[in-house]
Amino acid sequence: MKIATFNINGVKARLPALLDWLAEAAPDAVVLQEIKSTDEAFPRTEIEDAGYSVATHGQKGFNGVAILSRLPPEDVTRGLPGDDSDEQARWIEATVGGNLRLCGLYLPNGNPAPGPKYDYKLAWMDRLRARVADLLAAEEAAAILGDFNVIPEAVDCHDPAVWAADALFLPETRAAFRRITNLGLTDALRSVNAEPGVYTFWDYQAGAWRQNHGIRIDHVLLTPQAADRLLACGVDAEIRDRERPSDHVPVWAEITA
DNA sequence: ATGCCTTGCGGAGCAAGA
């Protein structure tokens, strides 16, 4: 079973690019972030025609996540537990293939830091930690994947000095990320590839893609029971070179059925 | 350089992203 995460940066603006990638990469299940669409406006029919069932958790204009699955996603839940007043659409869960829980997330950016947006990011990460603790306690196969807006290590960006004061790379951000992974999650990409300079995002500005000034912020984290089944993991960086691309590229993992 | 692009919203020019 091939799973993937893709920050699509506007699903309506990016529909041809998404359909092309789905046809080529042929993932069995995908979590999308930044669909920037309500549930009603999501291009459901076009994606169903490509062979996927669709579960969305959208909002108007910003954010928004979705799960696409060859087999109908089961037991879908929407919204990260822990704050009923949080109206931002950043979390969706479903069971796919009968035996893998997918948790798709769009973690807050947090800039500028310090400030209320950074406080929201850290509070959201604390809620994520609580959900991950529950998933681990269940001792079942789960993948927590999406746009984490966290650069875990210096090797995950072209120039650490550029990112030193940024909400994606501040020591407090990286410590909050470690408090989650240290509970017992495997970073799928790093478990198969220790090379530095593997990126998943390149800014539209200042020729970042052309100069390979990227960062690795889209991650696939696995519970031990899912990590046991990991066969391969990679980044489809080549599609960043296409017409009207997202500024993120997909990260995928092959998991035994 | 609070820029540099890009999308959504709305129907001009912001807000937000990272």
Side-chain angles (χ1 to χ4, degrees), chain A residues 5-19 21 31-44 46 56-66 86-91 104-122 124-125 128 145-174 176-177 197-219 235 237 239-251:
Chain A
T5 175
F6 191 4
N7 181 320
I8 197 68
N9 188 16
V11 70
K12 283 167 280 187
R14 215 71 67 198
L15 186 58
L18 176 60
L19 293 174
W21 172 75
V31 300
L32 299 177
Q33 303 87 37
E34 283 204 273
I35 61 174
K36 298 186 178 180
S37 169
T38 60
D39 297 335
E40 295 73 22
F42 190 90
R44 171 181 290 272
E46 293 87 338
T56 60
H57 182 38
Q59 73 180 82
K60 191 179 180 73
F62 305 102
N63 306 322
V65 289
D86 184 0
E87 295 185 351
Q88 299 192 32
R90 296 180 175 275
W91 179 268
L105 67 89
Y106 176 45
L107 204 149
N109 175 304
N111 281 304
K117 291 190 175 184
Y118 193 59
D119 295 340
Y120 175 67
K121 177 176 193 156
L122 293 179
W124 204 95
M125 293 180 84
L128 173 58
L145 71 173
D147 176 359
F148 281 73
N149 273 316
V150 174
I151 303 167
E153 305 289 344
V155 295
D156 296 314
C157 62
H158 167 259
D159 184 357
V162 168
W163 296 94
D166 194 282
L168 280 62
F169 192 58
L170 282 171
E172 193 171 3
T173 303
R174 297 166 60 199
F177 184 76
V198 178
Y199 306 134
T200 66
F201 169 92
W202 296 261
D203 200 296
Y204 288 122
Q205 305 179 76
W209 166 250
R210 182 170 40 80
Q211 300 174 81
N212 196 26
H213 292 176
I215 53 179
R216 188 174 76 98
I217 56 174
D218 300 271
H219 306 299
V235 179
I239 72 168
R240 184 64 176 79
D241 214 27
R242 295 184 178 172
E243 290 271 317
R244 292 188 73 201
S246 172
D247 40 8
H248 296 250
V249 295
V251 182

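Just so we're on the same page: letters track the sequence lines, and every chain starts at 1.
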Just to be sure I understand the rule, does [X] reach a base, reach only the sugar-phosphate, or reach nothing, if contact means heavy atoms closer than 4.0 Å?
X       : answer
H248(A) : sugar-phosphate
D218(A) : nothing
A206(A) : base
D247(A) : nothing

Inset, instruction - Respond yes when some side-chain nitrogen or oxygen of N111(A) is under 4.0 Å from OP1 or OP2 of dA18(B), and no when none is. - result: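 No.
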
Inset, instruction - Return no unless some side-chain N or O of R244(A) is found under 4.0 Å from OP1 or OP2 of dT6(B). - result: no

Inter-nucleotide [atom1] distance ([N], [M]), Å rounded:
N       : M       : atom1 : result
dA12(B) : dT7(B)  : C1'   : 16 Å
dA1(B)  : dA16(B) : P     : 25 Å
dG10(B) : dA15(B) : P     : 14 Å
dG13(B) : dA18(B) : P     : 26 Å

Which one, [options], comes nearest to the side chain of [X]?
X       : options                  : result
K60(A)  : dT7(B), dC9(B), dG17(B)  : dC9(B)
K36(A)  : dA18(B), dT6(B), dG8(B)  : dG8(B)
I217(A) : dA18(B), dC9(B), dC4(B)  : dA18(B)
L168(A) : dC9(B), dA18(B), dA15(B) : dA18(B)
R90(A)  : dG17(B), dT6(B), dA18(B) : dG17(B)
K117(A) : dG8(B), dG17(B), dA18(B) : dG17(B)

Please report the distance, rounded to the nearest Å, between [atom1] in [X] and [atom2] in [N].
X       : N       : atom1 : atom2 : answer
D203(A) : dA16(B) : CG    : P     : 17 Å
Y199(A) : dA18(B) : OH    : P     : 18 Å
I8(A)   : dT6(B)  : CD1   : P     : 15 Å
N7(A)   : dA16(B) : CG    : P     : 17 Å
Q205(A) : dC5(B)  : CD    : C1'   : 5 Å
Y106(A) : dT7(B)  : OH    : P     : 15 Å
K12(A)  : dC9(B)  : NZ    : C1'   : 10 Å
L107(A) : dA18(B) : CG    : P     : 10 Å

Inset, instruction - Would you check, one step at a time, whether the test side-chain contact (heavy atoms from CB on, under 4.5 Å) holds for E153(A) with R174(A)? - result: CA-CA 8 Å; E153(A) 305 289 344; R174(A) 297 166 60 199; 3.5 Å; yes

Legend entry - Along DNA chain B (nearest heavy atom to each residue), the more 5'-positioned of W163(A) and N9(A):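 Looking at the nearest nucleotide for each, N9(A) comes out on the 5' side.
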
Legend entry - Along DNA chain B (nearest heavy atom to each residue), the more 5'-positioned of P245(A) and N63(A):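 The residue whose closest nucleotide sits nearer the 5' end is P245(A).
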
Inset, instruction - Would you sort out whether W124(A) and W91(A) count as a side-chain contact (heavy atoms from CB on, under 4.5 Å), showing the intermediate values? - result: CA-CA 11 Å; W124(A) 204 95; W91(A) 179 268; 3.9 Å; yes

Inset, instruction - Could you tell me whether a side-chain N or O of S37(A) sits under 3.5 Å from a main-chain N or O of F42(A), the two making a donor and an acceptor? - result: yes

Inset, instruction - Classify the angle between the aromatic ring planes of H219(A) and F177(A) as parallel (below 30°), tilted (30 to 60°) or perpendicular (above 60°). - result: tilted

Inset, instruction - Return yes when atom CD of Q211(A) has more than 12 non-hydrogen atoms of other residues, nucleotides or ligands closer than 6.0 Å, and no otherwise. - result: yes

Inset, instruction - Start with the C-alpha gap between H213(A) and W202(A), add the side-chain angles, then the distance that decides, and say whether side-chain contact (heavy atoms from CB on, under 4.5 Å) holds. - result: CA-CA 6 Å; H213(A) 292 176; W202(A) 296 261; 5.6 Å; no

Inset, instruction - May I ask you to check whether E34(A) and N9(A) show a side-chain donor-acceptor distance below 3.5 Å? - result: no

Inset, instruction - Spell out yes or no: do the side chain of D166(A) and the base of dA18(B) have one donor N/O and one acceptor N/O closer than 3.5 Å? - result: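 In this structure, the two groups form no donor-acceptor pair.
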
